[in-house]
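Below is one structure, written out as structure tokens, with a few remarks after it.
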Protein chains: 2
Amino acid sequence: MDNSETVPEINAEQRILDAARRVFTRKGFDGARMQEIADEAGINKALVHYYYRSKEKLFSEIFREAFSTMLPAIAHVFMGQGAIGQKIELFVEKYLSIVLQNPFIPLFVLNEMHRSPETFFNEFIPPDLKIRIKGVIAMFTNAAQKGEIADIDPRHLMINIMALCVFPFVARPMLQRMLDISDPEFEKVLAERKQVVSQFILNAIMIKN
Amino acid sequence: MDNSETVPEINAEQRILDAARRVFTRKGFDGARMQEIADEAGINKALVHYYYRSKEKLFSEIFREAFSTMLPAIAHVFMGQGAIGQKIELFVEKYLSIVLQNPFIPLFVLNEMHRSPETFFNEFIPPDLKIRIKGVIAMFTNAAQKGEIADIDPRHLMINIMALCVFPFVARPMLQRMLDISDPEFEKVLAERKQVVSQFILNAIMIKN
DNA sequence: GTCTATAGTTAGATAGAC
DNA sequence: GTCTATCTAACTATAGAC
């Protein structure tokens, strides 16, 4: 052991990033304090500025990371070779897996894109995202024309799928109180949604014969 | 004309309230500034404190008003005498009507209940709300037992209905960019949702014969 | 009731020692 | 690289004139 440090576990730069992630997702940009980030990182406030210059820049790092976490799910829709129903199931499964591991990201992203929409779109939306979306829309339209799914506006279908995946995470405090259930019980409900949401969507759009 | 004022339109107290509603729903509690509220009300900052003592108290007024706007829809579910399907249609219709007229309230409420959950539940949730929710849950359970709707956990059904109603309003900036549509076009999509959401839900849960 | 002026506090950011 | 001390600006809130 040639290391005389008092167990900093990892370098300061990374600790700041970890602390900032927690504080920003908890409090939002306006509610977060550089002091609180420094405290959670176990270092001095000046050091936060040393590594990341400004609150805005540090926030950008965190937001970029958070937003990009949500993107792979969309790409996934294309992967599957199967029928439209299987692709939707795959998307829901993948998307909910990611959100379950990062339950604070959805509200965090929703808020930032309201706070400064221009920055959000110019800086964080990858150029190919719109193309991918168009592909998904085309896939839905195609499936409807071939009679594989019911006749629904593909834009509404996309909104509905995202809504069913995301909503319980952004509305958790209210839902949990309204339904009067405990923390572990709500976790169980969330875990059930992979199955429930897929089933719900497929029931809604698959042609009944 | 015995009034020598320069068209204040209405008393200062009300103008402050109107300005505060706009600023708080736009920026949230942490992002809002008393100065900005005073400016939008066209009066001095000191006057805001004269009428509402503190930022917290002013915010409470606004939040109470916003949250109570969303409540009548839930009560409405009981009104209908019809079948479960009609009651759901009535709820969606009523709920979306309210949100369409107050598109900023959902995200505003979601954020505040994350910011200080304790205050939210102790101060703003009416005591009878949980009872009403239990009634709705029982209604769903009953309908499922009688075979009127598919076998779905009533809690998930309630989450799904709320999700489909609320989500496009809280995610509007992202959805609009992702789908690459203009403001009036998105308004049209929102207006369509009364029909679309009802149909989607009923397709998902009504027993096919 | 409405204003100006300012108190009191806290935030983000920097200077400079080590 | 990490700290203490401090600057500057912005915020909420109040005092006091009118």
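When reading the values below, keep in mind they use all heavy atoms of this one structure, side chains included, and skip hydrogens, waters and symmetry mates. Reminder, nothing fancy here: chain letters follow the sequence lines and each chain counts from 1.
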d(CD, A:E36; P, C:dT10) in whole Å: 15 Å
Separation of C:dA13 C1' from A:Y51 OH (nearest whole Å): 17 Å
Would A:K45 and A:E36 satisfy salt bridge (Lys or Arg N to Asp or Glu O under 4.0 Å), going step by step from the backbone distance to the final call? CA-CA 9 Å; A:K45 192 176 56 160; A:E36 190 176 356; over 6 Å; no
Over 60° means perpendicular and under 30° means parallel, so classify the ring planes of B:F24 and B:F59, tilted if in between. perpendicular
Check every atom of D:dC3, C:dT2, D:dT2 against the side chain of B:A12 and return the nucleotide holding the closest atom. C:dT2
Pair A:K188 + A:E185, salt bridge at N-O below 4.0 Å: no
What's the CG-P distance between A:D39 and D:dC3, to the nearest Å? 11 Å
What pairs with A:R22 under side-chain contact (heavy atoms from CB on, under 4.5 Å), at least two apart in sequence or on another chain? A:D18, A:A19, A:R26, A:E40
Tell me whether B:K94 at atom NZ has more than 12 heavy atoms from other residues, nucleotides or ligands lying less than 6.0 Å away. no
The bend of the helix from C:dG1-D:dC18 to C:dC18-D:dG1, taken between the axes of its five terminal pairs at each end and rounded to 10°, is 10°
Quick check: A:F29 with A:F63 (ring centres under 6.0 Å apart)? no
Could you give the CD-to-P distance, from B:Q14 to C:dG1, as a whole number of Å? 15 Å
Between B:R33 and B:D39, is there a salt bridge with N-O shorter than 4.0 Å? no
If you draw a 6.0 Å radius around CZ in B:F186, do more than 12 non-hydrogen atoms from other residues or ligands fall strictly inside? yes
Which nucleotides of nucleotides 10-15 of chain D have their base under 4.0 Å from a protein heavy atom (B), which only their sugar-phosphate (S), and which neither (-), written as one string 5' to 3'? -SBBBB
Measure the distance from CG on A:N11 to P on D:dG1 and round it to the nearest whole Å. 10 Å
Whole Å only: how far is the CG atom of A:D30 from the C1' atom of C:dT10? 15 Å
Step through it carefully: locate the ring centre of B:F67, locate the ring centre of B:F108, and say whether they are under 6.0 Å apart. no
Between P on C:dG12 and CG on A:L58, what's the gap in Å once rounded to a whole number? 11 Å
